[in-house]
Peer 1: 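Questions regarding the structure given below will be posed in turn.
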There are 2 protein chains.
Amino acid sequence: MSSQRERAAFIDHLKSHGHRITGERLALFDEIFEQHRHVDAEELLAALHRKGHRISRATVYRNLDLLVACGLVRKQRLGQRRYLYEHIHAGQKHDHLVCRSCGRVVEFVSPGITAMQREICRAHGFSPDHHQFQILSLCAECVAASETQPSH
Amino acid sequence: MSSQRERAAFIDHLKSHGHRITGERLALFDEIFEQHRHVDAEELLAALHRKGHRISRATVYRNLDLLVACGLVRKQRLGQRRYLYEHIHAGQKHDHLVCRSCGRVVEFVSPGITAMQREICRAHGFSPDHHQFQILSLCAECVAASETQPSH
DNA sequence: ACCACTATTGAGACAATTTCTCAATAGCGA
DNA sequence: TCGCTATTGAGAAATTGTCTCAATAGTGGT
(Lines give C-alpha, C1' and ligand atoms only; values in the text may rest on other atoms or scores of the structure.)
Protein backbone atom coordinates (compact mmCIF):
# COMPACT_ATOMS: atom_id res chain seq x y z
CA MET A 1 0.00 0.00 0.00
CA SER A 2 1.32 3.40 -1.02
CA SER A 3 0.45 5.00 2.28
CA GLN A 4 2.98 3.03 4.33
CA ARG A 5 5.21 6.06 4.74
CA GLU A 6 2.35 8.26 5.91
CA ARG A 7 1.05 5.56 8.19
CA ALA A 8 4.44 5.38 9.87
CA ALA A 9 4.54 9.17 10.12
CA PHE A 10 1.12 9.11 11.77
CA ILE A 11 2.19 6.51 14.29
CA ASP A 12 5.37 8.44 15.02
CA HIS A 13 3.40 11.61 15.53
CA LEU A 14 1.07 9.85 17.92
CA LYS A 15 3.93 8.40 19.92
CA SER A 16 5.96 11.57 20.06
CA HIS A 17 2.95 13.54 21.25
CA GLY A 18 1.97 11.05 23.92
CA HIS A 19 -1.13 9.93 22.06
CA ARG A 20 -2.23 6.34 21.97
CA ILE A 21 -2.33 4.13 18.95
CA THR A 22 -5.88 2.89 18.84
CA GLY A 23 -7.71 0.66 16.45
CA GLU A 24 -10.12 3.47 15.64
CA ARG A 25 -7.30 5.80 14.67
CA LEU A 26 -5.67 3.30 12.38
CA ALA A 27 -8.96 2.31 10.78
CA LEU A 28 -9.78 5.94 10.08
CA PHE A 29 -6.32 6.54 8.70
CA ASP A 30 -6.62 3.57 6.37
CA GLU A 31 -10.03 4.62 5.23
CA ILE A 32 -9.13 8.17 4.32
CA PHE A 33 -5.92 7.12 2.61
CA GLU A 34 -7.86 4.68 0.50
CA GLN A 35 -10.15 7.38 -0.78
CA HIS A 36 -8.62 9.35 -3.60
CA ARG A 37 -11.16 12.12 -3.55
CA HIS A 38 -12.74 14.60 -1.18
CA VAL A 39 -14.86 12.92 1.45
CA ASP A 40 -16.88 14.19 4.36
CA ALA A 41 -17.04 12.81 7.87
CA GLU A 42 -20.35 11.02 7.31
CA GLU A 43 -19.03 9.15 4.29
CA LEU A 44 -16.00 8.00 6.26
CA LEU A 45 -18.19 6.93 9.16
CA ALA A 46 -20.49 4.98 6.85
CA ALA A 47 -17.57 3.33 5.05
CA LEU A 48 -16.02 2.26 8.34
CA HIS A 49 -19.31 0.82 9.56
CA ARG A 50 -19.74 -1.02 6.26
CA LYS A 51 -16.38 -2.66 6.85
CA GLY A 52 -17.47 -3.80 10.28
CA HIS A 53 -15.67 -1.27 12.46
CA ARG A 54 -17.71 -0.09 15.41
CA ILE A 55 -16.55 3.49 15.61
CA SER A 56 -18.61 6.45 16.69
CA ARG A 57 -19.25 9.71 14.92
CA ALA A 58 -17.50 11.72 17.62
CA THR A 59 -14.38 9.62 17.24
CA VAL A 60 -14.32 10.19 13.51
CA TYR A 61 -14.55 13.95 13.95
CA ARG A 62 -11.97 14.00 16.73
CA ASN A 63 -9.43 11.97 14.84
CA LEU A 64 -9.92 13.81 11.60
CA ASP A 65 -8.83 16.89 13.50
CA LEU A 66 -5.88 14.95 14.77
CA LEU A 67 -4.89 13.93 11.24
CA VAL A 68 -5.12 17.56 10.22
CA ALA A 69 -2.87 18.52 13.12
CA CYS A 70 -0.35 15.91 11.91
CA GLY A 71 -0.35 17.54 8.51
CA LEU A 72 -1.58 14.36 6.85
CA VAL A 73 -5.05 15.51 5.98
CA ARG A 74 -6.52 18.73 4.66
CA LYS A 75 -9.89 19.94 5.96
CA GLN A 76 -11.71 22.46 3.84
CA ARG A 77 -15.04 24.02 3.34
CA LEU A 78 -15.35 23.96 -0.41
CA GLY A 79 -18.39 26.18 -0.63
CA GLN A 80 -20.66 23.45 0.71
CA ARG A 81 -22.29 22.95 4.04
CA ARG A 82 -20.02 20.11 5.13
CA TYR A 83 -16.32 20.06 5.65
CA LEU A 84 -14.48 17.93 3.13
CA TYR A 85 -11.33 16.02 3.91
CA GLU A 86 -8.60 14.76 1.62
CA HIS A 87 -5.39 13.00 2.48
CA ILE A 88 -2.32 14.88 1.40
CA HIS A 89 -0.39 13.09 -1.29
CA ALA A 90 3.24 14.04 -0.92
CA GLY A 91 4.52 16.98 -2.90
CA GLN A 92 1.55 17.29 -5.24
CA LYS A 93 0.24 20.74 -4.30
CA HIS A 94 -3.01 21.48 -6.11
CA ASP A 95 -5.91 23.88 -5.92
CA HIS A 96 -9.64 23.37 -6.25
CA LEU A 97 -12.30 24.27 -8.72
CA VAL A 98 -15.69 23.80 -7.09
CA CYS A 99 -19.16 23.83 -8.58
CA ARG A 100 -21.29 26.12 -6.47
CA SER A 101 -24.41 24.32 -7.52
CA CYS A 102 -23.70 20.58 -7.30
CA GLY A 103 -20.55 20.69 -5.19
CA ARG A 104 -18.39 18.77 -7.62
CA VAL A 105 -14.68 19.30 -6.97
CA VAL A 106 -11.96 19.28 -9.62
CA GLU A 107 -8.30 19.60 -8.76
CA PHE A 108 -5.94 21.61 -10.89
CA VAL A 109 -2.31 22.63 -10.86
CA SER A 110 -1.26 26.03 -12.15
CA PRO A 111 2.23 27.22 -11.30
CA GLY A 112 1.39 30.65 -12.66
CA ILE A 113 -1.51 31.09 -10.31
CA THR A 114 0.49 29.77 -7.41
CA ALA A 115 3.10 32.45 -7.97
CA MET A 116 0.43 35.14 -8.12
CA GLN A 117 -1.19 33.89 -4.95
CA ARG A 118 2.09 34.16 -3.12
CA GLU A 119 2.50 37.68 -4.35
CA ILE A 120 -0.99 38.69 -3.26
CA CYS A 121 -0.53 37.08 0.15
CA ARG A 122 2.75 38.88 0.62
CA ALA A 123 1.29 42.22 -0.47
CA HIS A 124 -1.41 41.97 2.20
CA GLY A 125 0.70 40.60 5.01
CA PHE A 126 -0.73 37.10 4.77
CA SER A 127 1.41 34.01 4.98
CA PRO A 128 2.39 32.86 1.49
CA ASP A 129 3.05 29.39 2.85
CA HIS A 130 -0.30 28.48 4.32
CA HIS A 131 -2.46 29.60 1.49
CA GLN A 132 -5.07 27.56 -0.21
CA PHE A 133 -6.97 28.56 -3.20
CA GLN A 134 -10.45 27.99 -4.56
CA ILE A 135 -12.34 28.94 -7.65
CA LEU A 136 -16.08 28.57 -7.25
CA SER A 137 -18.13 28.48 -10.39
CA LEU A 138 -20.71 26.38 -12.19
CA CYS A 139 -19.83 23.18 -13.96
CA ALA A 140 -21.07 22.53 -17.48
CA GLU A 141 -24.03 20.42 -16.33
CA CYS A 142 -25.23 22.99 -13.84
CA VAL A 143 -24.91 25.80 -16.38
CA ALA A 144 -26.97 23.73 -18.82
CA ALA A 145 -29.52 22.98 -16.13
CA SER A 146 -29.88 26.63 -15.15
CA GLU A 147 -30.39 27.60 -18.80
CA THR A 148 -33.12 25.01 -19.32
CA GLN A 149 -34.88 25.91 -16.11
CA PRO A 150 -34.28 29.65 -15.83
CA SER A 151 -33.24 31.16 -12.52
CA HIS A 152 -36.60 30.89 -10.81
CA MET B 1 -26.63 58.59 0.30
CA SER B 2 -24.63 56.77 -2.35
CA SER B 3 -27.00 53.82 -2.46
CA GLN B 4 -29.94 55.77 -3.89
CA ARG B 5 -29.52 54.16 -7.27
CA GLU B 6 -29.43 50.65 -5.82
CA ARG B 7 -32.33 51.40 -3.53
CA ALA B 8 -34.39 52.42 -6.56
CA ALA B 9 -33.29 49.31 -8.42
CA PHE B 10 -34.38 47.20 -5.46
CA ILE B 11 -37.79 48.83 -5.34
CA ASP B 12 -38.19 48.41 -9.08
CA HIS B 13 -37.24 44.77 -8.83
CA LEU B 14 -39.80 44.26 -6.08
CA LYS B 15 -42.54 45.95 -8.07
CA SER B 16 -41.78 44.22 -11.33
CA HIS B 17 -41.78 40.84 -9.64
CA GLY B 18 -45.02 41.40 -7.78
CA HIS B 19 -43.29 41.63 -4.41
CA ARG B 20 -44.35 44.08 -1.75
CA ILE B 21 -42.33 46.97 -0.49
CA THR B 22 -42.22 46.40 3.23
CA GLY B 23 -40.57 48.30 6.03
CA GLU B 24 -38.50 45.25 6.89
CA ARG B 25 -37.13 45.00 3.36
CA LEU B 26 -36.13 48.63 3.22
CA ALA B 27 -34.59 48.54 6.68
CA LEU B 28 -32.52 45.51 5.75
CA PHE B 29 -31.49 47.10 2.49
CA ASP B 30 -30.36 50.26 4.26
CA GLU B 31 -28.48 48.29 6.87
CA ILE B 32 -26.47 46.19 4.45
CA PHE B 33 -25.71 49.13 2.20
CA GLU B 34 -24.39 51.04 5.18
CA GLN B 35 -21.91 48.30 6.00
CA HIS B 36 -18.80 48.48 3.91
CA ARG B 37 -17.52 45.08 4.87
CA HIS B 38 -18.61 41.47 4.96
CA VAL B 39 -21.36 40.87 7.47
CA ASP B 40 -23.30 37.80 8.50
CA ALA B 41 -27.02 37.52 9.08
CA GLU B 42 -26.71 37.68 12.86
CA GLU B 43 -24.80 40.94 12.74
CA LEU B 44 -27.42 42.47 10.49
CA LEU B 45 -30.19 41.25 12.76
CA ALA B 46 -28.48 42.68 15.83
CA ALA B 47 -27.78 46.00 14.13
CA LEU B 48 -31.41 46.32 13.09
CA HIS B 49 -32.62 45.54 16.59
CA ARG B 50 -30.20 48.07 18.01
CA LYS B 51 -31.78 50.67 15.77
CA GLY B 52 -35.22 49.82 17.06
CA HIS B 53 -36.53 47.75 14.19
CA ARG B 54 -38.58 44.76 15.24
CA ILE B 55 -37.59 42.32 12.55
CA SER B 56 -37.26 38.59 12.93
CA ARG B 57 -34.37 36.33 12.08
CA ALA B 58 -36.36 34.49 9.44
CA THR B 59 -37.20 37.73 7.68
CA VAL B 60 -33.55 38.72 7.59
CA TYR B 61 -32.56 35.41 6.01
CA ARG B 62 -35.46 35.47 3.55
CA ASN B 63 -34.79 38.97 2.37
CA LEU B 64 -31.07 38.50 2.13
CA ASP B 65 -31.84 35.78 -0.38
CA LEU B 66 -34.12 38.19 -2.16
CA LEU B 67 -31.36 40.80 -2.35
CA VAL B 68 -29.08 38.14 -3.78
CA ALA B 69 -31.72 37.29 -6.39
CA CYS B 70 -31.87 40.98 -7.34
CA GLY B 71 -28.13 40.96 -7.90
CA LEU B 72 -27.59 43.61 -5.24
CA VAL B 73 -25.89 41.44 -2.65
CA ARG B 74 -23.34 38.66 -2.79
CA LYS B 75 -23.62 35.68 -0.43
CA GLN B 76 -20.51 33.62 0.12
CA ARG B 77 -18.98 31.08 2.40
CA LEU B 78 -15.53 32.49 2.91
CA GLY B 79 -13.99 29.50 4.59
CA GLN B 80 -15.96 30.19 7.76
CA ARG B 81 -18.96 28.52 9.22
CA ARG B 82 -21.39 31.33 8.46
CA TYR B 83 -22.41 32.83 5.19
CA LEU B 84 -21.12 36.34 4.70
CA TYR B 85 -22.97 39.00 2.76
CA GLU B 86 -21.69 42.11 1.05
CA HIS B 87 -23.53 44.66 -1.00
CA ILE B 88 -22.27 44.90 -4.53
CA HIS B 89 -20.65 48.22 -5.29
CA ALA B 90 -21.15 48.89 -8.96
CA GLY B 91 -18.51 47.66 -11.35
CA GLN B 92 -15.78 46.96 -8.82
CA LYS B 93 -15.20 43.22 -9.23
CA HIS B 94 -12.84 41.91 -6.59
CA ASP B 95 -11.72 38.68 -5.01
CA HIS B 96 -11.13 37.69 -1.40
CA LEU B 97 -8.19 36.86 0.76
CA VAL B 98 -9.45 35.22 3.94
CA CYS B 99 -7.65 34.40 7.17
CA ARG B 100 -8.39 30.80 8.01
CA SER B 101 -7.78 31.44 11.66
CA CYS B 102 -9.55 34.69 12.56
CA GLY B 103 -11.78 35.00 9.51
CA ARG B 104 -10.60 38.43 8.53
CA VAL B 105 -11.42 39.25 4.91
CA VAL B 106 -9.35 41.45 2.62
CA GLU B 107 -10.46 42.31 -0.88
CA PHE B 108 -8.04 42.48 -3.76
CA VAL B 109 -8.09 43.08 -7.47
CA SER B 110 -5.71 41.23 -9.74
CA PRO B 111 -6.45 41.30 -13.45
CA GLY B 112 -3.72 38.72 -14.05
CA ILE B 113 -5.31 36.19 -11.75
CA THR B 114 -8.73 36.91 -13.17
CA ALA B 115 -7.50 36.00 -16.63
CA MET B 116 -5.95 32.78 -15.34
CA GLN B 117 -9.15 31.87 -13.52
CA ARG B 118 -11.10 32.20 -16.72
CA GLU B 119 -8.63 29.99 -18.49
CA ILE B 120 -8.80 27.31 -15.81
CA CYS B 121 -12.58 27.40 -15.76
CA ARG B 122 -12.69 27.02 -19.49
CA ALA B 123 -10.18 24.17 -19.50
CA HIS B 124 -12.35 22.19 -17.07
CA GLY B 125 -15.73 22.97 -18.59
CA PHE B 126 -16.74 25.38 -15.83
CA SER B 127 -18.45 28.66 -16.52
CA PRO B 128 -15.87 31.45 -16.70
CA ASP B 129 -18.60 33.97 -15.94
CA HIS B 130 -19.90 32.78 -12.64
CA HIS B 131 -16.62 32.21 -10.95
CA GLN B 132 -15.58 33.55 -7.63
CA PHE B 133 -12.21 33.23 -6.18
CA GLN B 134 -10.73 32.88 -2.71
CA ILE B 135 -7.31 32.60 -1.22
CA LEU B 136 -7.33 31.23 2.30
CA SER B 137 -4.25 31.76 4.39
CA LEU B 138 -3.15 33.17 7.72
CA CYS B 139 -2.93 36.87 8.38
CA ALA B 140 0.17 38.33 9.99
CA GLU B 141 -1.35 38.38 13.49
CA CYS B 142 -2.43 34.78 13.35
CA VAL B 143 0.94 33.65 12.05
CA ALA B 144 2.60 35.51 14.92
CA ALA B 145 0.17 33.99 17.40
CA SER B 146 0.75 30.47 16.14
CA GLU B 147 4.51 30.95 16.43
CA THR B 148 4.30 32.20 20.02
CA GLN B 149 1.88 29.50 21.07
CA PRO B 150 2.92 26.52 18.96
CA SER B 151 0.38 24.40 17.13
CA HIS B 152 -1.35 22.85 20.14
C1' DA C 1 -60.29 56.40 2.54
C1' DC C 2 -62.02 51.49 2.83
C1' DC C 3 -62.14 46.51 1.67
C1' DA C 4 -60.67 42.27 0.45
C1' DC C 5 -57.04 39.57 -1.06
C1' DT C 6 -52.95 37.47 -0.29
C1' DA C 7 -47.82 38.20 0.25
C1' DT C 8 -45.11 38.79 4.19
C1' DT C 9 -43.93 38.52 8.84
C1' DG C 10 -42.78 36.64 13.62
C1' DA C 11 -42.02 33.06 16.76
C1' DG C 12 -40.62 29.01 17.38
C1' DA C 13 -40.15 24.26 15.58
C1' DC C 14 -37.18 21.75 12.72
C1' DA C 15 -33.03 20.23 10.10
C1' DA C 16 -28.14 19.55 9.24
C1' DT C 17 -23.66 19.42 10.84
C1' DT C 18 -20.27 19.56 14.34
C1' DT C 19 -18.75 19.73 19.16
C1' DC C 20 -19.15 18.58 23.96
C1' DT C 21 -20.05 15.61 28.20
C1' DC C 22 -19.13 11.94 31.00
C1' DA C 23 -19.18 7.23 32.34
C1' DA C 24 -17.11 3.02 30.45
C1' DT C 25 -13.22 1.07 27.96
C1' DA C 26 -8.75 0.00 26.60
C1' DG C 27 -3.68 1.43 25.47
C1' DC C 28 0.66 1.65 27.70
C1' DG C 29 4.41 2.03 31.11
C1' DA C 30 6.01 -0.19 35.23
C1' DT D 1 -0.55 -8.32 34.93
C1' DC D 2 -1.91 -3.87 37.17
C1' DG D 3 -3.13 0.77 37.42
C1' DC D 4 -3.35 5.14 35.40
C1' DT D 5 -5.48 7.95 32.32
C1' DA D 6 -6.22 8.93 27.27
C1' DT D 7 -9.77 7.54 24.34
C1' DT D 8 -14.15 6.01 23.13
C1' DG D 9 -19.39 5.73 22.50
C1' DA D 10 -23.89 7.49 22.94
C1' DG D 11 -26.43 11.02 23.15
C1' DA D 12 -27.01 15.88 24.59
C1' DA D 13 -25.94 20.43 23.17
C1' DA D 14 -24.48 24.05 20.14
C1' DT D 15 -24.50 26.44 15.77
C1' DT D 16 -26.43 28.05 11.69
C1' DG D 17 -29.96 28.23 8.47
C1' DT D 18 -34.80 26.78 6.81
C1' DC D 19 -39.64 25.77 7.38
C1' DT D 20 -44.52 26.21 9.30
C1' DC D 21 -48.53 28.57 10.07
C1' DA D 22 -51.42 31.87 12.23
C1' DA D 23 -51.41 36.91 12.47
C1' DT D 24 -50.29 41.17 10.08
C1' DA D 25 -49.99 44.53 6.65
C1' DG D 26 -49.11 46.09 1.57
C1' DT D 27 -51.93 46.73 -2.69
C1' DG D 28 -55.25 47.27 -6.26
C1' DG D 29 -59.93 48.24 -6.99
C1' DT D 30 -63.86 50.65 -5.29
Side-chain angles (χ1 to χ4, degrees), chain A residues 10-29 31-32 38-49 51-70 73-85 100 103 152, chain B residues 10-29 31-32 38-49 51-70 73-85 100 103 152:
Chain A
F10 181 41
I11 291 173
D12 280 353
H13 184 282
L14 292 177
K15 284 185 180 162
S16 66
H17 286 70
H19 294 139
R20 293 177 181 172
I21 296 159
T22 66
E24 290 82 359
R25 283 177 176 162
L26 296 179
L28 177 64
F29 174 94
E31 187 57 42
I32 195 166
H38 300 76
V39 288
D40 62 47
E42 291 303 318
E43 289 176 307
L44 290 167
L45 180 65
L48 288 164
H49 283 173
K51 292 180 183 172
H53 295 282
R54 281 198 288 87
I55 189 172
S56 80
R57 173 171 286 106
T59 297
V60 168
Y61 278 102
R62 279 186 294 237
N63 286 317
L64 281 170
D65 285 343
L66 187 55
L67 282 161
V68 170
C70 297
V73 163
R74 197 162 10 239
K75 172 183 184 177
Q76 294 170 273
R77 243 187 229 287
L78 294 174
Q80 302 301 111
R81 184 191 292 261
R82 297 179 174 183
Y83 281 109
L84 292 182
Y85 299 84
R100 272 200 297 222
H152 177 219
Chain B
F10 181 41
I11 291 175
D12 281 352
H13 184 284
L14 292 177
K15 284 185 181 162
S16 67
H17 285 70
H19 293 139
R20 294 177 181 173
I21 296 160
T22 67
E24 292 81 359
R25 283 179 176 160
L26 295 179
L28 177 65
F29 175 93
E31 188 55 43
I32 195 167
H38 300 77
V39 289
D40 62 47
E42 292 302 320
E43 289 175 306
L44 290 166
L45 180 65
L48 287 165
H49 283 174
K51 293 180 182 173
H53 295 282
R54 283 196 288 86
I55 189 173
S56 80
R57 172 170 287 106
T59 297
V60 168
Y61 278 104
R62 280 187 292 235
N63 286 316
L64 281 170
D65 285 343
L66 186 55
L67 282 162
V68 170
C70 297
V73 163
R74 198 162 9 240
K75 172 183 184 177
Q76 293 171 275
R77 257 190 219 287
L78 294 174
Q80 303 300 111
R81 185 191 293 259
R82 296 180 175 182
Y83 282 110
L84 292 182
Y85 300 84
R100 272 200 297 222
H152 176 228

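In the text below, chain A, chain B and the rest are named by the order of the sequence lines, each starting its count at 1. For the numbers below, each heavy atom of this structure counts, side chains included, while hydrogens, waters and symmetry mates do not.
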Peer 1: Using a heavy-atom cut-off of 4.0 Å across all strands, would you classify A/R57 as base, sugar-phosphate, or nothing?
Peer 2: base
Peer 1: Can you tell me how far P of C/dG10 sits from NE2 of B/H49, to the nearest Å?
Peer 2: 8 Å
Peer 1: Between A/G23 and B/G23, which residue's closest nucleotide on DNA chain D lies nearer the 5′ terminus?
Peer 2: A/G23
Peer 1: Identify, between A/Y85 and B/A58, the residue whose nearest nucleotide on DNA chain C lies closer to the 5' end.
Peer 2: B/A58
Peer 1: Applying the side chain to side chain contact (heavy atoms under 4.5 Å, CB included) criterion to A/Y85, which one of A/Q76, A/K75, A/R74 satisfies it?
Peer 2: A/K75
Peer 1: Under a 4.0 Å threshold between the charged nitrogen and the carboxylate oxygen, would A/R57 count as salt-bridged to A/E42?
Peer 2: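 Salt bridge flag = yes for A/R57 with A/E42.
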Peer 1: In whole Å, I'd like the distance from the CG atom of B/L44 to the P atom of D/dG17.
Peer 2: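 Rounding to the nearest Å, CG of B/L44 and P of D/dG17 are 11 Å apart.
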Peer 1: So, does B/R25 use its side chain to make a donor-acceptor pair with the main chain of B/F10 at under 3.5 Å?
Peer 2: no
Peer 1: Rounded to the Å, how far apart are B/E42 CD and D/dT18 P?
Peer 2: 12 Å
Peer 1: D/dA6 C1' sits how many Å from A/R62 CZ, rounded?
Peer 2: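 Rounding to the nearest Å, CZ of A/R62 and C1' of D/dA6 are 11 Å apart.
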Peer 1: Are the side chain of A/R82 and the backbone N or O of A/A41 linked by a donor-acceptor pair below 3.5 Å?
Peer 2: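 Not confirmed, A/R82 side chain does not pair with A/A41 backbone.
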Peer 1: For A/R20, report the nucleic acid contact type (base, sugar-phosphate, nothing); a contact means any heavy atom under 4.0 Å.
Peer 2: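 Contact class for A/R20: base.
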Peer 1: Side chain of A/N63, backbone of A/L66: donor and acceptor closer than 3.5 Å?
Peer 2: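 Checking the backbone N and O of A/L66 against the side chain of A/N63, no donor-acceptor pair under 3.5 Å is found.
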Peer 1: For D/dT18, does OP1 or OP2 lie under 4.0 Å from any side-chain N or O of B/Y61?
Peer 2: no
Peer 1: Which is more 5' along DNA chain D, the nucleotide nearest A/E24 or the one nearest B/L84? Just name the residue.
Peer 2: A/E24
Peer 1: Please state whether the phosphate of D/dT8, meaning OP1 or OP2, lies under 4.0 angstrom from any side-chain nitrogen or oxygen of A/N63.
Peer 2: yes
Peer 1: Would you tell me if any nitrogen or oxygen in the side chain of A/T59 comes within less than 4.0 Å of OP1 or OP2 on D/dG9?
Peer 2: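 So the side chain of A/T59 is within the cut-off, an N or O lying under 4.0 Å from OP1 or OP2 of D/dG9.
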Peer 1: Which of these nucleotides, C/dC20, C/dT18, D/dT8, is closest to any side-chain atom of A/R82?
Peer 2: C/dT18
Peer 1: Among D/dT18, C/dT18, D/dT7, which is the nearest nucleotide to the side chain of B/K75?
Peer 2: D/dT18
Peer 1: Could you state the atom-to-atom distance from CD1 of A/I55 to P of D/dA10 in whole Å?
Peer 2: 11 Å
Peer 1: Give the rounded distance in Å between these two atoms: CG of A/L26 and C1' of D/dT8.
Peer 2: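 These atoms are roughly 15 Å apart.
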Peer 1: For the side chain of B/T22, starting at C-beta, report the closest nucleotide among C/dT9, D/dC19, D/dT16.
Peer 2: C/dT9
Peer 1: Output the single nucleotide from C/dT17, C/dT19, C/dG10 whose closest atom is nearest the side chain of B/S56.
Peer 2: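 Given the options C/dT17, C/dT19, C/dG10, the side chain of B/S56 is closest to C/dG10.
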Peer 1: Taking CG from A/L14 and C1' from C/dG29, how many angstroms apart are they, rounded to a whole number?
Peer 2: 17 Å
Peer 1: Using whole Å, what does the distance between atom P of nucleotide C/dT8 and atom CG of B/L28 come to?
Peer 2: 14 Å
